[in-house]
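Remember, it's a predicted structure, so these values are computed and weren't measured experimentally. So that the names make sense, note that chain A is the first sequence line, chain B the second, and so on, each numbered from 1.
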Amino acid sequence: MLRVENLVAAYDGIKALRGVSIELGPGEFAAVIGANGAGKSTLLNTVSGLVRPVSGKVLLDGKMVAGLPAYQIARRGLLQVPEGRMIMGNLTVRENILLGSLTRNGRTPAHDLDGILDLFPRLRERMQQVAGTMSGGEQQMLAIARALMGAPKVLLLDEPSLGLSPLMADLVFTALSKLHASGLAILLIEQNVHRALEVAQRAYVMEQGRIVQEGSSRELINDARLIEHYLGGAVAAA
Amino acid sequence: MWIFGGRSAPGDPSETCVGRIVAWMIAQQILNGLITGSVYALFALGFTLVFSVNRVLNLAHGAVFMSAALLSYYLVMIGTPFVIAAAVATVVAGGISMVVEFVALRRLRRFSPHVMEFAALVTTLGADIVLVSLAHKLTAAQTVRFPFGTFPNQFFLLFGLRISLLQIIIVLSVACMLSFLVFYLYRTSAGLRLRAVASSDRASLLLGINPNAVYAQTFFISGIMAGIAGVLIALSFNSINAHMGESYMLKTFVIIVLGGLGSVPGCVLAALFFGVAQTLCVAYLPPGSADIILYALLFGMLLVRPAGLMGNAANISVVGRNA
Ligand SMILES: Nc1ncnc2c1ncn2[C@@H]1O[C@H](COP(=O)(O)OP(=O)(O)OP(=O)(O)O)[C@@H](O)[C@H]1O
Ligand SMILES: [Mg+2]
């Protein structure tokens with residue numbers, strides 16, 4: 001479905017990705033974890049076309065998309081829910097969702113509006129609300145709903161739990177599990193290692209622009225060294 | 001006190017009569033002011049539209065306005081019927097505006113927003129100078145006028161007030177353009193895309209929207225609006241010269257500050273108000289005092305409500321029901 005080969009990206013000549021390879025099969029749910037500044041967002045943004053790769057390949061359904069402008073990559077069904085949500089704060093919830101459906105480009109969505117609102121019932125009551133006035137958690141749901149309206153082939157998510165209360169984060173992760181169960185291919189970036197390993201089947205560990213480890217979530221969650229490394233003080237305190 | 005005719009003692013017909021005439025004159029001035037203001041609104045809305053979506057003060061807007069006026073003049077001079085000349089000039093103005101975007105802004109967008117915003121002032125001013133100098137050469141620095149009879153000089157009575165055919169055309173074209181703009185922005189998917197880019201160009205990219213196409217579109221619509229305003233103003237005053245856009249740019253700054261940057265309804269209200277205030281000042285106050293009063297007003301507004309009449313609450317990216 002999605003194949004990233006030896007992707008290299010740089011900001012002003014400073015490399016942020018040093019040859020990253022990732023593979024995501026149809027209907028698969030994988031996570032990328034790693035510390036702050038490891039290059040996780042850079043990876044997603046390069047795959048999405050917001051950052052131009054220096055070298056390497058990004059293949060969607062076997063077709064090369066690396067180097068295309070971001071809007072064309074989105075139209076092909078590689079949809080990113082960006083870090084910080086980036087909903088259109090001035091538009092209503094309904095308008096944001098409608099905007100998502102403009103990305104379809106002829107694909108039939110696996111979830112229609114009703115299905116998406118069943119997934120996020122909170123949005124249903126708020127269709128006329130100005131999106132910027134919603135809580136962070138509701139905005140995150142909206143950002144995911146908006147991407148789903150575009151009939152994604154692959155859904156990329158950049159730290160959807162960032163700044164959310166545990167309860168809200170639960171709602172979001174539950175929704176992601178349901179989406180996975182319905183057959184959507186998902187690539188999730190998370191700092192919250194425990195949660196990520198709970199919902200994803202496989203995970204990649206990223207460090208300084210490289211993938212340093214990969215394996216099934218079950219393997220990784222039992223890897224004490226890894227958990228200690230990435231959760232650091234948090235585990236020690238727990 | 002004789003402005004209020006009704007107040008004078010009954011049985012003093014002469015005073016009542018004078019009062020009526022003065023009230024009628026003021027009403028006539030207000031009508032004229034509203035019509036002038038509606039053209040200001042058209043011009044200022046084009047400027048605001050570009051600002052809302054591009055975050056750029058397009059200093060070449062006045063030159064686009066002037067280009068349309070001048071082009072319609074040349075087309076009429078070579079024998080084109082006025083209506084066709086006006087239509088062609090308007091569309092070409094939209095085209096010129098797109099070229100301004102392409103040449104002066106497209107390449108700047110790769111820089112960070114604050115660098116781009118400042119550089120854009122310089123490049124759009126450059127575009128303005130190029131267009132104005134070109135017109136200056138073409139007209140040999142002269143003011144040109146449409147030949148007599150280009151537009152029928154007909155008058156009608158409306159509730160006892162005089163209104164010319166041209167004024168009716170002005171009101172109709174402004175109303176059409178305004179309805180089109182509101183419909184386009186709030187009822188079409190192209191308008192939704194436009195407001196999405198106004199809200200966040202980065203998020204728009206991730207939603208499959210090509211911001212460059214939207215930028216070009218806003219400049220085209222904005223140029224059309226400047227073009228229509230240019231032709232209407234050229235006809236109203238029957239006077240066209242290379243620098244005619246400049247005073248309208250100044251008025252636009254006052255209007256958008258009064259109305260609130262980026263607000264459609266604020267811009268229209270402020271423009272109408274400006275038109276009326278200006279007409280009344282010119283009619284009843286010593287020459288030259290109009291500008292003093294209008295700019296004092298602007299200053300006062302900035303002190304009291306820096307965001308303008310309808311700042312923030314209603315800018316273009318905001319939902320339709322606020323429009
Ligand atoms: N726009 C940019 N310009 C220059 N350098 C950048 C830019 N964005 C990211 N970087 C640098 O690239 C590196 C990777 O950043 P990135 O945002 O991809 O990390 P991340 O893994 O997503 O971190 P976080 O978990 O904090 O979101 C960092 O060193 C960062 O400083
Ligand atoms: Mg990040």
Side-chain angles (χ1 to χ4, degrees), chain A residues 12 44-45 47-52 68-107 127-133 139 142-143 146-152 155-158, chain B residues 48-49 51-53 55 106 109-113 115 182 184-217 260-266 307 310-323:
Chain A
D12 300 321
L44 275 207
N45 288 338
V47 167
S48 291
L50 288 177
V51 174
R52 271 191 158 268
L68 289 178
Y71 67 91
Q72 281 185 16
I73 294 180
R75 283 183 197 165
R76 291 187 181 202
L78 196 53
L79 291 177
Q80 186 192 156
V81 178
E83 193 171 0
R85 308 180 278 269
M86 292 199 198
I87 51 139
M88 309 304 186
N90 290 331
L91 308 190
T92 59
V93 172
R94 179 184 296 283
E95 286 176 321
N96 268 279
I97 287 180
L98 203 65
L99 203 54
S101 67
L102 299 179
T103 323
R104 271 178 210 169
N105 201 14
R107 290 183 303 278
M127 291 297 272
Q128 299 307 330
Q129 189 171 340
V130 175
T133 63
Q139 291 187 17
L142 176 58
R146 185 176 66 178
L148 290 175
M149 284 298 283
L155 187 64
L156 311 169
L157 298 122
D158 195 345
Chain B
T48 293
L49 178 70
F51 175 79
S52 299
V53 177
R55 300 286 139 191
R106 186 67 56 99
R109 292 212 171 86
R110 67 183 75 159
F111 300 104
S112 66
V115 173
V182 169
Y184 183 81
L185 284 178
Y186 301 107
R187 292 282 176 273
T188 69
S189 59
L192 184 58
R193 286 198 181 92
L194 189 152
R195 289 186 295 137
V197 173
S199 187
S200 163
D201 52 354
R202 194 173 163 89
S204 299
L205 272 171
L206 291 177
L207 291 168
I209 299 169
N210 178 2
N212 280 338
V214 171
Y215 296 139
Q217 219 175 72
L261 245 183
S263 158
V264 173
M310 303 198 155
N312 300 336
N315 56 49
I316 281 177
S317 55
V318 169
V319 288
R321 62 197 144 75
N322 285 355

| said: Distance check, rounded to the nearest 0.5 Å: B:Leu205 atom CG versus A:Met86 atom CE? | reply: 10.0 Å

| message | Once rounded to the nearest 0.5 Å, what's the spacing between atom CG of A:Asn45 and atom CG of B:Leu206? | response |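 Output value for this atom pair is 7.0 Å.
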
| request: Would you indicate whether A:Arg107, at its atom CZ, is surrounded by more than 12 heavy atoms from other residues, nucleotides or ligands within a distance under 6.0 Å? | output: yes

| request: Against chain B, label A:Gln72 side chain, backbone, both or neither, depending on which of its atoms sit under 4.5 Å from a heavy atom there. | output: neither

| Under 4.5 Å from a heavy atom of chain B, the part of A:Leu98 involved |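 Contact with chain B involves both backbone and side-chain atoms of A:Leu98.
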
| query | Are the side chains of A:Leu50 and B:Arg202 in touch, meaning some heavy atoms are under 4.5 Å apart? | reply |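 They are in side-chain contact.
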
If every non-hydrogen atom of [X] is compared with every non-hydrogen atom of [Y], which pair is closest and at what distance?
{"X": "B:Ser199", "Y": "A:Gly89", "answer": "OG-N, 3.7 Å"}
{"X": "A:Tyr71", "Y": "B:Ile209", "answer": "CB-O, 3.3 Å"}
{"X": "A:Arg75", "Y": "B:Gly208", "answer": "NE-O, 2.8 Å"}

| said: With side chain to side chain contact (heavy atoms under 4.5 Å, CB included) as the test, pick out the partner of B:Leu207 among A:Leu79, A:Leu99, A:Asn96. | reply: A:Leu99

